[in-house]
Structure formats: C-alpha cells, structure tokens
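Every chain is numbered from 1, with letters handed out A, B, ... down the list of sequences.
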Amino acid sequence: MSESKDFLRTIVEEDLKSGKYKEVVTRFPPEPNGFPHIGHAKSICINFGIADDYHGHCNLRMDDTNPTTEDTKYVEALKDAVQWLGFNWDGNVRYTSDYFPKLYDYAVELIKIGKAYVDSLTEEEIREYRGTVTESGKRSKYAQRSVEENLDLFERMKNGEFKDGEHVLRARIDMSAANMKMRDPLLYRIRHAHHYRSGDEWHVYPMYDFGHCLSDYIEGISHSMCTLEFENNRDIYDWVLDTLGLDTVRPYQHEFARLAINYTVMSKRKLLELVEGGQVSGWDDPRMPTIAGYRRRGYTPESIINFCDQIGIAKANSMVDVAQLEFCIRDDLNTKVPRVMAVLDPLKVTIVNYEGSEELDASYYPEDVPKEGSRKIPFSKEIYIERDDFMENPPKGYFRLTPEQSVRLKHAYIITCKEVIKDANGNITEIIAEYNPESKSGQDTSGIKVKSAIQWVDAKTAKTVEVRVYDRLYSSEAPEGIEDLNPHSLQVIKNALIEPAVITEKPDVRFQFERQGYFYADPIDYTDEKPVFNKIVGLKDSWGKKKKEDKHASKPQAKKVQIDGEVVPMSEAEQALFDKYTGEFKLNSEVANTLARDEKLSNFYYEALALSVPSPNPVGLANIVTNEVARELKEKSVDELKFNPIQIGELAKMVDDETISSKIAKQVFEEMAKTGENPIQIVEAKGLVQISDPSKILPIIDEIIAKNPDNVAKFKAGNTKLLGFFVGQVLKNTGGKANPKVVNELVSEKLK
RNA sequence: UGGGGUAUCGCCAAGCGGUAAGGCACUAGUUUUUGGUACUGGUAUCGGGGGUUCGAAUCCCUCUACCCCAUCCA
C-alpha cells in the first residue's frame with residue numbers, strides 16, 4: 001500500500017545502510033504529568049513502529065525531571081496506553097530519575113572542563129541578561145567563578161544547602177547566540193520538592209535540555225525523534241554530547257510535526273482544565289482525545305494505529321480533519337461487529353391486522369461481512385420504530401414511512417400506515433398500520449417494492465437501555481477554551497429500546513445499531529440490570545447531509561491576494577556591476593541581478609571569466625555560476641569549495657562548444673563539487689560526450705516507441721505532456737548522453 | 001525585528017529534472033432488506049513573480065504567508 005516512506009524512515013534506512021548504527025534504537029519519552037492523548041499515540045506509533053520495522057527496539061522512558069508536576073498515576077496511564085495500542089517496550093520502563101547520579105557526574109565533568117558554571121543571578125535577572133531575539137544578552141558576573149568554586153557550590157546545591165532559586169548551574173556557551181536557546185542554558189535548578197520516585201534524595205534536578213540528550217545517550221538511542229518545537233533545542237542536544245566527548249556512537253535528534261485535529265484540543269494544560277473544571281467526567285470521558293477517552297468510547301487500538309499510519313509523518317504544521325479518525329473506526333468496525341436493532345427515540349406502531357407473536361430469524365451480519373451468527377427477534381402487534389422514520393408531510397426524496405409510502409421492517413414484514421394518532425398538541429403519539437402477510441423477510445411473495453427497510457423493536461420484549469450519544473466536544477474548528485465547548489456534546493437517552501438478544505446473548509461488546517452507528521457497552525457503568533451503551537461514531541449519513549445542505553447555501557471563497565514586497569535597492573557598486581553585466585556581457589537582468597548582489601558569486605564569476613583561457617561565453621558561464629555554483633556557495637566559503645573558477649570556466653566552454661549538453665554539465669558539476677576533479681577528465685573518464693548524430697538516436701527512439709504503444713496513442717490523442725516522457729526515456733537509454741535538443745526534435749517528428 | 005522551520009486538491013500526504021501517487025472529504029453511478037458497506041468514474045500544475053533548461057513541484061534569485069524560540073516546563 002504505502003510505497004512511499006516518510007522522512008524519518010528514510011533517515012533511519014540511510015543510517016543503517018551507511019553503518020552509522022548497527023541497530024535502530026528509539027524511545028518514547030513522555031513526561032508523566034498528564035494522560036496521554038492521541039498526539040502521543042502518533043509519537044508511540046512512530047517510535048515503536050520504526051523500531052519494529054527495522055528490527056530494532058524502543059524504550060519507554062518517563063522523562064521525570066520535574067518533581068512538582070509528575071505523578072505515578074500518570075506513569076500507569078502511559079504504560080497502559082502503550083500496551084493497549086499493542087506495543088512492547090524493551091526491557092523495563094526507564095526513568096530519567098534513575099539516571100540522576102550519572103547526570104550529576106556529567107554536570108561535574110562539564111564544570112571541570114570549564115563549560116558550566118554556577119550562576120547566582122535572580123530569576124528576573126537571568127531573564128534580563130538573556131537579551132531578546134534581536135539584541136544579544138550579556139554574561140553574568142558569576143560566570144567568572146573558578147572551577148573549584150563552581151564544584152563546591154554545585155555540590156552544596158546538591159546537598160540542599162541553598163534555597164530554591166538561589167543558584168543554578170548553567171552551560172557556558174554564548175550569550176549572544178542567535179539561537180536564544182544557546183545563551184548559556186540552565187542545566188540544573190534547586191528544587192526542595194518530593195519526587196514521586198527518588199523521594200527526597202535530590203535537591204537539584206536536571207533541566208530537559210541536559211537530561212534528555214544524556215538519557216538518550218545512556219540508553220544507546222540511535223534516533224531521538226521529537227516534535228517540531230524542539231528544533232531550537234537540537235543545538236544544545238549536540239553541544240552537550242559533543243562537549244562531553246560522547247561522540248563515538250551517539251543519538252541524533254530529528255523533529256516531526258505534532259498532531260493536531262480540528263474540533264479538538266491537544267494541550268495537556270487544556271485537557272487538565274477540562275478535567276479539573278468538571279466539563280468532562282474525567283481523563284477517560286469518552287469525549288476526551290485521550291487514549292483512555294477513546295478507549296472508553298469504544299475505539300479500537302487498530303483504528304487508532306491505522307489513523308496514525310494514514311496521516312503520515314512530515315515537517316509541515318498541519319491540522320487533520322477529525323473525519324479521518326471517524327473513518328478509521330467505522331472502517332475497522334464495519335467488518336467486525338454484529339448488527340442489531342435499537343430504537344433511540346421510539347414511536348409506537350400498532351399493526352392492527354397482526355395477531356399473536358412469532359420469532360424471526362436474523363443474521364447478525366450483512367451479506368458483505370463474512371461472519372457467522374444469528375439471533376431470534378420477537379415480533380408482535382405492537383412495535384416501536386424510530387420517530388425520524390415516519391413523516392406525515394415528507395420532503396421529496398424521503399424513503400421512509402409516510403401515509404402514502406410503505407416500508408419494510410428490517411428482517412420482518414412490509415407495513416403500511418393507515419392512521420396517525422396525535423395528542424392535544426398535535427404531536428404524533430402512535431401510528432396505526434397494517435402489515436402484508438405475504439411480505440415476510442426471506443419469503444416475500446407480495447411483489448411490493450419499498451424504498452427502504454427500517455429498524456424496530458417489539459414493544460413487549462424490548463429491553464430498556466441507556467444510550468449516551470456523544471458528539472464532538474467543541475463546536476469550533478480551532479477551539480481556544482471552554483467558551484468553544486459544544487453544549488450538545490453529550491446527550492443521555494435513558495429509555496432507548498433494544499432487541500433482547502443484545503442483552504441476553506451478549507454476542508459482543510461493540511455493535512452496529514442498524515442504520516444509526518456503532519455503539520460500545522460501557523466498560524464501567526454497564527450492568528445487566530441497567531445496560532449502558534456509548535455511541536462510538538455514527539454511520540455515514542448521506543440523507544442527513546442532504547437535508548443540512550439545503551439549509552446552508554455554500555459560500556463562495558475569496559481567493560487570497562498575494563502581496564509583493566519591496567526589493568532592497570542595489571548599492572551604487574552593485575548597480576555599476578549590474579550595468580556592466582547587462583551591457584558589456586549581455587547577461588539577462590535576472591542573472592545579472594543575482595550576480596551583482598552577491599559579492600562572493602560575483603568574484604567567482606569574474607575570476608572564471610578572466611582566468612580561463614580562452615574565455616568562455618560570458619552568458620553561459622554566468623548561468624552556471626548563478627544556478628549551480630550559487631548552491632555550493634550558499635553554505636560554504638570559496639576556500640571550502642572543491643573546485644575552482646578555472647574549472648568552472650572549462651565546464652562552461654564544453655557546453656559552449658556542445659561537447660556536452662547542459663544536462664550533462666549539471667551532472668559533471670555535481671561530480672566536481674564532490675571530488676574536485678577536473679571537468680574535462682570527468683567527461684573523458686565517464687564518456688559523457690554528447691551524442692547528436694540522428695542516425696544513432698533514431699533506433700533508440702523507435703525502440704521506445706515500440707515499447708510504449710499506450711503512451712504513443714495517448715500522445716497522438718493530444719496528451720502533449722508525454723513528449724517529456726519519450727525524451728526522458730531516450731535520454732535514460734543513452735545514459736543522458738543523447739543531445740536532448742536533437743532528441744526532442746526527432747521524437748516530435750516521429751510522433752507527428 | 002535576529003535565528004530556526006514550513007508551504008503540492010477542501011483536509012492529510014507522496015514526489016528529489018522527464019506522464020502530479022495514495023487516503024479522507026466531496027460528487028456521479030452500479031449493487032444493496034442498513035440513505036451503511038463494496039465497486040466504478042469525476043475532481044490539483046504544485047504560495048506569488050522572475051530566471052536556468054529541449055523539459056521545472058523539483059535547480060537559482062526574489063517576494064509573501066504561517067509556525068517555533070526571550071519558563072529555574074518538557
């Protein structure tokens with residue numbers, strides 16, 4: 001199915017192939033300060049999934065470096081979630097808190113090599129000293145302390161001799177770093193707090209940036225995958241490991257976009273608020289996007305894993321449509337779960353021409369679900385149908401019961417409405433109907449055609465059940481806070497009716513209530529006396545959708561207008577160069593512009609032109625310099641380049657005299673950039689001289705045409721884009737050596 | 001504003017110079033005792049503008065928009 005690999009797997013594969021690592025080792029490193037949500041599920045699927053795919057292993061690590069927010073109940077929830085999803089962590093659960101002694105030693109090491117110091121600025125001052133994104137910060141005077149003093153202070157911090165906030169340990173990096181994270185980041189802070197695991201043993205706790213990379217290193221992690229907001233932290237990650245000399249085999253961090261779903265909040269803080277504010281019944285409220293919530297709602301692990309697979313992994317911030325998740329659970333349950341009949345909003349129907357009672361045979365599964373199993377459904381004179389399934393004055397396209405339209409009772413008979421009984425307010429209270437004795441399901445000889453079959457329950461034998469109908473928690477697509485909550489996210493129906501077999505036979509815990517949706521016997525509140533079902537998700541409902549559409553006219557969407565910004569004007573010198581390039585050398589203005597504005601590039605161009613004897617055509621050379629050399633010069637200085645201007649001049653000349661095509665020139669250039677070899681030698685060694693002789697090219701074209709009759713037909717039918725396909729094939733066939741211009745002409749000619 | 005990222009269909013997402021994958025959603029039709037499922041078909045020229053090239057979503061220049069960073073959180 002998925003031919004394509006995500007970028008993380010691509011990296012892992014390359015690293016394995018290159019021998020950078022013998023085995024892939026990943027980790028799922030949550031902080032135990034909240035219940036895991038579906039965003040964690042994505043991370044779990046990535047970390048455990050990649051480890052599985054490449055036969056490595058994945059650790060489960062509690063990143064518990066902040067004693068004030070963490071708790072054992074959350075580590076249980078985390079373990080639970082991973083297991084429920086079906087993954088196995090390697091060995092025991094790991095805890096960063098178990099590494100506190102090692103981490104402390106590493107910190108001491110850093111102090112000893114002068115790369116960390118104890119700072120005694122106040123929190124306020126530290127913030128001030130850090131500077132802003134545009135202004136650099138300044139170093140604290142305490143950074144002057146001697147190694148001995150730092151060692152002494154740090155040890156006393158550890159021993160609890162100071163109050164919270166009195167001192168911190170910081171890395172000595174660069175207070176004017178453009179990356180704010182690198183302005184002497186904090187490594188340790190004093191916390192006189194009880195840690196849920198290490199108890200009162202420690203008075204200093206490592207910060208994330210110090211603890212995480214080292215924990216990864218300690219565990220032998222190869223690929224440390226985290227979300228995008230840690231991109232800036234990668235520099236510290238590398239700095240710590242490099243500075244400590246932990247660089248033989250060590251982990252590298254890679255970032256992917258975190259999951260966001262519309263109509264959903266994913267921040268632990270906001271979820272906590274919902275729980276504490278009583279807007280939901282707890283972390284496992286079926287409306288919560290927590291794993292516990294989905295589980296309680298009735299979602300299957302398979303559906304969630306499938307969802308995580310479908311949404312992919314990339315670096316673009318994105319918002320997944322909740323419909324995609326809903327599809328996954330429907331798709332999973334469709335082939336697994338028995339169909340039964342329930343009526344949520346009952347309307348009584350009396351079948352006046354039916355006497356007595358009978359039991360009807362009914363399969364639990366429709367024909368397209370290859371599963372066995374059936375039950376008996378009692379039938380008698382009095383039944384209930386869904387109130388929605390009858391309309392006195394139906395709109396066009398209504399398929400259900402009306403005074404004029406008969407309907408089949410699923411698994412039973414066809415009935416016809418004879419009379420509508422209403423109360424004093426005009427509400428319909430009962431339907432008087434007649435059934436057709438010849439129309440029994442499976443042995444219908446009536447010949448009557450009806451537009452639909454509806455669910456029903458027998459009045460006498462139906463069981464009363466509670467049904468909790470859940471809708472999305474928020475009514476806003478991008479909810480901010482509790483003001484965006486959907487007031488109708490929970491509807492409790494106390495007196496829904498269900499066919500008896502569901503309760504007495506209990507064929508499953510998840511069901512499809514025919515024509516309504518998928519439901520789950522609540523794992524906590526369900527009892528035989530008082531059954532409770534949670535709505536997992538509704539069926540797709542094209543009728544309901546049609547009705548809604550009529551109300552909302554579609555609104556035309558205005559196209560976004562692109563604003564063009566100002567281009568910085570050229571300096572005088574740049575302008576002079578530009579004029580020279582366009583005038584004397586006849587470069588087009590775009591190329592001249594690029595060259596004139598970039599001093600490095602400009603110098604390079606000038607040298608290539610002047611030093612190659614004879615000089616290449618200035619235009620062709622300029623093209624190569626601006627389009628190819630520019631790429632190399634973006635990240636490197638001139639001295640770092642493997643090639644020199646003269647060689648580029650030679651390359652340009654080969655293009656000038658058509659020894660090689662410009663396509664080949666690019667290939668040669670790549671080679672030069674990599675090896676620094678002379679272009680003429682490269683062309684000779686690889687035999688890249690281009691083929692322009694039609695008599696050599698023509699046979700190849702014939703061959704390609706013969707091999708691709710379909711595409712020839714398509715091309716002749718007007719799909720001119722296919723020209724590229726044919727040219728490409730010919731070029732591929734000749735190792736890129738065929739003169740593309742000639743090929744192009746010949747192919748066009750041939751296919752005319 | 002300095003730095004770091006990202007932009008391909010309504011929503012995700014492949015693609016790495018040679019015919020714009022796939023899923024969801026939408027839509028038309030076939031099958032159907034679920035207005036379900038299944039099946040068949042439809043639906044983009046790649047943020048904008050230039051340039052290089054026989055050929056550009058892919059390379060170069062430039063502009064724009066959005067996200068992250070100034071917690072003793074992770």
If you check every side-chain atom of A323(A), which of U33(B), A25(B), U19(B) has the closest atom? A25(B)

All ring-ring contact (aromatic ring centres under 6.0 Å, His included) counterparts of Y435(A), not counting sequence neighbours: Y354(A), Y413(A)

Considering the options R339(A), R330(A), K336(A), which one meets the side chain to side chain contact (heavy atoms under 4.5 Å, CB included) requirement together with Q512(A)? R339(A)

Could I get the full list of ring-ring contact (aromatic ring centres under 6.0 Å, His included) partners for F154(A), not counting sequence neighbours? Y104(A), Y188(A)

Quantified in whole Å, what is the C1' atom distance between nucleotide G15(B) and nucleotide A44(B)? 14 Å

Please measure how far the P atom in U43(B) lies from the corresponding atom in G35(B), and state the result in whole Å. 30 Å

Take the protein atom CZ of R183(A) and the nucleotide atom P of G2(B), then report the distance between them rounded to whole Å. 13 Å

Sequence neighbours excluded, every pair satisfying salt bridge (charged side-chain N to carboxylate O under 4.0 Å, His left out) that has a member inside residues 177-193 of chain A: R139(A)-D184(A)

Would you confirm whether the ring centroid of F519(A) sits within less than 6.0 angstrom of the ring centroid of F511(A)? no

Using whole Å, what does the distance between atom P of nucleotide A38(B) and atom CG of N334(A) come to? 6 Å

Can you tell me how far C1' in C69(B) sits from the matching atom in G55(B), rounded to whole Å? 42 Å

Each nucleotide in nucleotides 46-56 of chain B should get exactly one letter: B, S or -. Can you fill that in based on protein heavy atoms under 4.0 Å? -BS-BBSSBBB

Interatomic distance where CG belongs to L539(A) and C1' belongs to U32(B) [whole Å]: 14 Å

Residue matched to A20(B) through Watson-Crick or wobble contacts both under 3.5 angstrom: none

Between C12(B) (C1') and E326(A) (CD): distance, integer Å: 15 Å

What is the distance, to the nearest angstrom, from the CG atom on L259(A) to the P atom on A13(B)? 10 Å

May I ask you to say what G397(A) touches in the nucleic acid, namely base, sugar-phosphate or nothing, with a heavy-atom cut-off under 4.0 Å? base

To the nearest Å, give me how far apart CZ (R597(A)) and P (C61(B)) are. 13 Å

Donor-acceptor pairs are to be reported for all side-chain atoms of residues 255-262 of chain A against protein atoms at under 3.5 Å, with residues two or more places apart or in another chain.
from, atom 1, to, atom 2, distance (Å)
E255(A), OE1, R234(A), NH1, 2.9
E255(A), OE2, R234(A), NH1, 2.7
E255(A), OE2, Q253(A), NE2, 3.1
R258(A), NH1, E229(A), OE2, 2.6
N262(A), OD1, V322(A), N, 2.8

Per atom distances to the I311(A) side chain, the nearest of C11(B), C12(B), C63(B) is C12(B)

Side chain to side chain contact (heavy atoms under 4.5 Å, CB included) partners for E670(A), two or more places apart: R631(A)

Among C12(B), C59(B), G5(B), find the nucleotide with the atom closest to the side chain of M319(A). C12(B)

A14(B) P sits how many Å from K315(A) NZ, rounded? 13 Å

For residues 204-215 of chain A, which side-chain N or O atoms pair as donor and acceptor with protein atoms under 3.5 Å away, sequence neighbours left out?
from, atom 1, to, atom 2, distance (Å)
Y205(A), OH, A193(A), O, 3.2
Y205(A), OH, W202(A), O, 3.4
H212(A), ND1, D63(A), OD2, 3.0
H212(A), NE2, R27(A), NH1, 2.7
S215(A), OG, G211(A), O, 2.6

For K410(A), answer base if it contacts any base atom (sugar-phosphate contacts may also be present), sugar-phosphate if it contacts only those atoms, and nothing otherwise; contact means non-hydrogen atoms under 4.0 Å. base

Report which part of the nucleic acid R339(A) touches: base, sugar-phosphate, or nothing (heavy-atom distance under 4.0 Å, all strands). base

Between the base of G35(B) and the side chain of R400(A), is there a donor and acceptor pair under 3.5 angstrom? yes

Classify the nucleic acid contact of F210(A) as base, sugar-phosphate or nothing, counting any heavy atom under 4.0 Å across all strands shown. nothing

Could a donor-acceptor pair under 3.5 angstrom be found where the side chain of Q324(A) meets the base of G23(B)? yes

Given the P atoms of C67(B) and C12(B), what is the spacing between them in whole Å? 14 Å

I'd like to check the ring-ring contact (aromatic ring centres under 6.0 Å, His included) partners of H37(A); sequence neighbours left out, ordered by chain and number. H40(A)

Would you measure the distance from the P atom in U1(B) across to the matching atom in A65(B) and give it in whole Å? 9 Å

Side-chain N or O of S452(A) versus OP1/OP2 of U34(B): is the shortest distance under 4.0 Å? no

Between N or O atoms, less than 3.5 Å apart, protein on one side and nucleotides 43-45 of chain B on the other: list the pairs.
none

At 4.0 Å (heavy atoms only), tell me whether T626(A) reaches a base, stays on the sugar-phosphate, or touches nothing. sugar-phosphate

Can you name the side-chain hydrogen bond (donor to acceptor under 3.5 Å, both in side chains) partners of S363(A), sequence neighbours left out? none

In terms of side-chain heavy atoms of N711(A), which of U34(B), U19(B), U6(B) is nearest? U19(B)

Regarding the side chain of V567(A), the nearest nucleotide among A25(B), C63(B), G36(B) is C63(B)

What is the nucleic acid contact for F327(A), judged by heavy atoms within less than 4.0 Å: base, sugar-phosphate only, or nothing? sugar-phosphate

Per-nt protein contacts along nucleotides 68-74 of chain B (heavy atom under 4.0 Å; B base, S backbone sugar-phosphate only, - none) come out as BSBSBSB

Looking at every strand, decide which applies to K634(A) at a 4.0 Å heavy-atom threshold: base, sugar-phosphate, or nothing. sugar-phosphate

Within the structure, does a side-chain N or O atom of K540(A) lie under 4.0 Å from either OP1 or OP2 of U34(B)? no

Salt bridge or not between E231(A) and K315(A)? Use side-chain N to carboxylate O under 4.0 Å. yes

What does E566(A) touch in the nucleic acid at a heavy-atom separation under 4.0 angstrom: a base, only the sugar-phosphate, or nothing? sugar-phosphate

Would you measure the distance from the P atom in U30(B) across to the matching atom in C59(B) and give it in whole Å? 47 Å

Under a 3.5 Å limit on both distances, the Watson-Crick or wobble mate of C26(B) is G42(B)

Suppose we call a contact any N or O donor and acceptor under 3.5 Å apart; does that hold for the side chain of Q512(A) and the base of U34(B)? yes

Donor-acceptor pair under 3.5 Å, R515(A) side chain vs U34(B) base: no

Tell me the partner of C73(B), counting only Watson-Crick (N1-N3 plus N6-O4 or O6-N4) or G-U wobble (N1-O2 and O6-N3) with both under 3.5 Å; none if nothing fits. none

Identify whether any heavy atom of G517(A) sits under 4.0 Å from a base atom; if not, whether one sits that close to sugar-phosphate; answer base, sugar-phosphate or nothing. nothing

Kindly write out the residues that satisfy side chain to side chain contact (heavy atoms under 4.5 Å, CB included) with P395(A), not counting sequence neighbours, or none if the list is empty. M391(A), Y398(A), W543(A)

Distance between P atoms of A57(B) and G49(B) (Å, rounded): 13 Å

Quantified in whole Å, what is the P atom distance between nucleotide C68(B) and nucleotide C61(B)? 27 Å

